Amino acid sequence: MTKRTKIIHSDPDILGGTPVFIGTRVPVQNLIDCLEAGDTLDDFLDSFPTVTREQVVAALEVAREALEESAHTSR
């Protein structure tokens, strides 16, 4: 969970508590929406220049770990 706290932040004073990339007002959901639409990682980064590649990769790693953990606990 420490990785998540370093890259994603939720504060009621920032976009009503929507999880955003730290240091930005860019919701993490924007990344998911872009990827679902078929956009590339570079497309996302071009559209949201305040988010770093490292933040995106870390967020995707956190999501992967959460999915793997969920799959293991459902067995």
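Numbers here are sequence positions counted from 1. Computed from a prediction, not measured in an experiment: that's the story for all the values here.
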Do [X] and [Y] have side chains that approach each other closer than 4.5 Å (heavy atoms only, starting at C-beta)?
X	Y	answer
F44	L35	no
T24	F48	no
L45	V56	yes
L31	F21	yes
V20	V26	no

To the nearest 0.5 angstrom, please state how far the [atom1] atom of [X] sits from the [atom2] atom of [Y].
X	Y	atom1	atom2	result
S70	E65	OG	CD	13.5 Å
D39	D33	CG	CG	10.0 Å
E61	E54	CD	CD	11.0 Å

Is it possible for you to say whether [X] and [Y] belong to one hydrophobic cluster, with membership spreading through side-chain heavy-atom contacts below 4.5 Å?
X	Y	answer
L41	V51	yes
I22	I32	no
I8	L60	yes

Ignoring hydrogens and geometry, is there a side-chain-to-backbone donor-acceptor pair from S47 to D43 under 3.5 Å?
yes
Under the 3.5 angstrom rule, does the side chain of S10 hit a backbone N or O of T18 as a donor-acceptor pair?
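Side chain of S10 to backbone of T18: no pair is present.
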Which atom pair, heavy atoms only, marks the closest approach of I14 to H9?
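Smallest interatomic distance, heavy atoms only, reads CD1-CD2, 4.2 Å.
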Which heavy atom of Q55 sits nearest a heavy atom of I7, and at what distance?
O-CD1, 4.1 Å
Quick one, R25 with L15, criterion side chain to side chain contact (heavy atoms under 4.5 Å, CB included). Give me CA distance, side-chain angles, the key distance, then yes/no.
CA-CA 7 Å; R25 294 179 61 81; L15 297 177; 3.5 Å; yes
